[in-house]
Amino acid sequence: MSESPDSQLLAGRHAVVTGGAGGIGRAIAERLGGLGARVSIMGRNQDRLAAAAEDMGAAAIPCDVTSEAAVEKAFAEAAERSGQVAILVNNAGAVQSAPFTKVSLEQFTAMIEVNLVGAFLCCRAVLPGMVEAGEGRIVCVASTAGLKGYPYVAGYCAAKHGVIGLTRALALEVALKGVTVNAVCPGYTDTDLVAGAIDNIRAKTGRSREDVLGDLIKDNPQGRLIEPGEVASTVAWLCAPASAAITGQAIAVAGGEVM
Ligand code: NAD
């Protein structure tokens with residue numbers, strides 16, 4: 001079968017995906033690479049990062065997105081190795097759950113740091129180059145927790161609402177510069193993050209896996225977990241040259257959970 005003309009629509013573009021070694025980030029990195037982009041994945045665990053990068057033919061750049069110095073260094077290295085960053089996917093993130101009054105300041109701040117400050121630092125690192133080039137795509141992997149509340153994850157919800165605010169504000173600031181800034185908002189997605197959340201709830205409540213999973217998917221009208229590849233498809237679409245008019249959006253990939 002001959003390839004469609006769109007099959008290499010990101011050819012020549014350098015894409016950075018944070019937290020790209022596993023889960024949703026890995027699916028995004030593979031998809032962008034499949035569309036012809038030169039991909040760099042960033043993350044904290046060097047061995048895991050190197051193994052994933054080798055599998056997908058990407059560059060592995062160690063980076064803790066909560067560290068200003070590490071982010072500056074990592075993006076300088078990425079640009080040196082693979083050229084000007086044309087696509088940034090802020091995917092790195094983490095969730096911790098606990099009843100509100102049991103959350104320490106340190107735990108709350110950690111949610112803001114990894115989910116929101118990390119996105120801010122990475123955007124700031126790539127923006128001057130994108131503006132100078134007159135084109136760029138930034139996609140933040142937020143969450144339905146950026147569009148609605150969930151109990152026991154106040155810090156995560158606050159951070160993801162913040163990511164959507166950052167997305168909207170930055171989209172306006174660079175609207176005339178050829179750079180689009182959007183967020184995708186997955187519902188519960190089949191990754192280690194959700195597996196960890198299920199284990200955590202089971203440890204605290206003694207409930208069965210099926211029972212806990214049933215609770216997580218009951219708000220999704222499609223009654224299922226989202227697949228990482230479904231999130232990757234939406235990110236890839238936002239990164240396409242033809243998506244230039246789409247900016248400042250927070251697009252739910254959640255089976256109709258929010259509308
Ligand atoms: P995951 O735990 O598999 O992936 C998160 C990635 O972020 C990991 O690779 C991790 O190493 C990396 N990371 C965490 N802290 C980091 C740091 N300080 N610096 C660099 N990298 C760091 O989980 P996932 O489900 O694939 O999550 C990816 C993104 O999707 C996250 O932002 C998450 O909040 C969001 N999300 C996930 C779900 C879900 O149900 N799985 C739903 C909505 C949104």
Side-chain angles (χ1 to χ4, degrees), residues 16-30 40-53 58 60-71 73-75 78 88-97 109-122 125 139-148 150 153 155-164 166-167 183-201 212-213 215-217 219-220 224-232 234-235 250-255 257-258:
V16 171
V17 182
T18 66
I24 292 171
R26 182 170 180 146
I28 293 169
E30 286 175 345
S40 300
I41 56 173
M42 293 185 181
R44 291 166 307 174
N45 182 328
Q46 296 216 24
D47 293 343
R48 190 164 169 252
L49 200 64
I61 317 266
C63 178
D64 177 341
V65 297
T66 66
S67 158
E68 185 174 25
V71 169
K73 184 167 173 280
F75 278 89
L88 166 66
V89 183
N90 285 312
N91 166 79
V95 66
Q96 278 174 357
S97 63
T109 308
M111 288 293 94
I112 303 294
E113 292 280 330
V114 66
N115 292 295
L116 177 56
V117 175
F120 159 69
L121 291 172
C122 294
V139 183
C140 296
V141 181
S143 170
T144 46
L147 297 169
K148 60 179 263 196
Y150 291 87
V153 284
Y156 182 73
C157 275
K160 292 298 190 180
H161 274 70
V163 168
I164 292 174
L166 180 153
T167 299
V184 294
C185 300
Y188 286 112
T189 305
D190 195 2
T191 69
D192 289 350
L193 185 138
V194 157
I198 291 173
D199 289 345
N200 185 33
I201 296 169
V212 176
L213 179 63
D215 249 13
L216 296 187
I217 61 177
D219 290 335
N220 176 341
R224 65 180 179 90
L225 292 175
I226 303 302
E227 291 299 325
E230 294 178 300
V231 183
T234 305
V235 172
I251 299 171
V253 184
E257 181 177 347
V258 285

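We count ligands from 1, going down the list as the structure has it; atoms in each ligand are counted the same way. Values in this document were obtained by computation on a predicted structure and should not be read as measured data.
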Return yes if some donor-acceptor pair links the side-chain N/O of [X] with the main-chain N/O of [Y] below 3.5 Å, else return no.
X: T189; Y: G187; value: yes
X: D219; Y: E257; value: no
X: K160; Y: K148; value: no
X: N115; Y: A94; value: yes

Any chance you could measure [X], atom [atom1], to [Y], atom [atom2], to the nearest 0.5 Å?
X: N90; Y: L116; atom1: CG; atom2: CG; result: 10.0 Å
X: L166; Y: H161; atom1: CG; atom2: NE2; result: 14.5 Å
X: I28; Y: T18; atom1: CD1; atom2: OG1; result: 8.5 Å
X: R224; Y: L216; atom1: CZ; atom2: CG; result: 14.5 Å

Q.
Just by distance, no angles: are the side chains of Y150 and T144 close enough, under 3.5 Å, to form a donor-acceptor pair?
A.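 The answer is yes; a qualifying pair exists.
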Mark the output for [X] as yes if a heavy-atom distance to ligand 1 is under 4.0 Å, and as no if none is.
X: P228; result: no
X: R26; result: no
X: D64; result: yes
X: C185; result: no
X: C63; result: yes
X: V194; result: yes

For [atom], find the nearest protein heavy atom and state the residue, atom name and distance (0.1 Å precision).
atom: atom 42 (C) of ligand 1; result: G187 O, 3.3 Å
atom: atom 27 (O) of ligand 1; result: L193 CD1, 3.9 Å
atom: atom 30 (O) of ligand 1; result: V141 CG1, 3.3 Å
atom: atom 44 (C) of ligand 1; result: A142 O, 3.1 Å
atom: atom 8 (C) of ligand 1; result: R48 NH1, 4.2 Å
atom: atom 39 (C) of ligand 1; result: T189 N, 3.4 Å
atom: atom 3 (O) of ligand 1; result: G23 CA, 3.9 Å
atom: atom 34 (O) of ligand 1; result: Y156 OH, 2.6 Å

Pick, from [options], the option with the minimum heavy-atom distance to [atom].
atom: atom 38 (C) of ligand 1; options: I24, V184, N115, T191; answer: I24
atom: atom 5 (C) of ligand 1; options: G19, A119, G93; answer: G93
atom: atom 11 (O) of ligand 1; options: K160, M111, E113, R44; answer: R44
atom: atom 28 (C) of ligand 1; options: T18, N91, L225, I28; answer: N91
atom: atom 43 (C) of ligand 1; options: A92, P186, A197, C122; answer: P186

Q) I217 and L225: side-chain contact (heavy atoms from CB on, under 4.5 Å), yes or no, with the steps? A) CA-CA 6 Å; I217 61 177; L225 292 175; 3.7 Å; yes
Q | Given I164, V163, V231, the one that forms side-chain contact (heavy atoms from CB on, under 4.5 Å) with C185 | A |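 Among I164, V163, V231, the one meeting side-chain contact (heavy atoms from CB on, under 4.5 Å) with C185 is I164.
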Q. Pick from V89, V65, V117, N91: which one makes a side-chain contact (heavy atoms from CB on, under 4.5 Å) with C122?
A.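 Among the candidates, only V65 passes.
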Q) What pair of heavy atoms forms the shortest contact from A92 to G19, and how long is it? A)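 Of all heavy-atom pairs spanning A92 and G19, the closest is CB-N, 3.9 Å.
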**Q.** Which atom of P186 lies closest to which atom of I24, heavy atoms considered
**A.**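 The pair with the smallest heavy-atom distance is CG-CD1, 4.3 Å.
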May I ask you to list the atoms of ligand 1 that are less than 4.0 angstrom from any heavy atom of [X]?
X: S143; value: 43 (C), 44 (C)
X: Y188; value: 40 (O)
X: V114; value: 15 (N), 16 (C), 18 (N)

Q. Does M42, backbone or side chain, put an N or O under 3.5 Å from an N or O of ligand 1?
A.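 No, no N or O pair falls under 3.5 Å.
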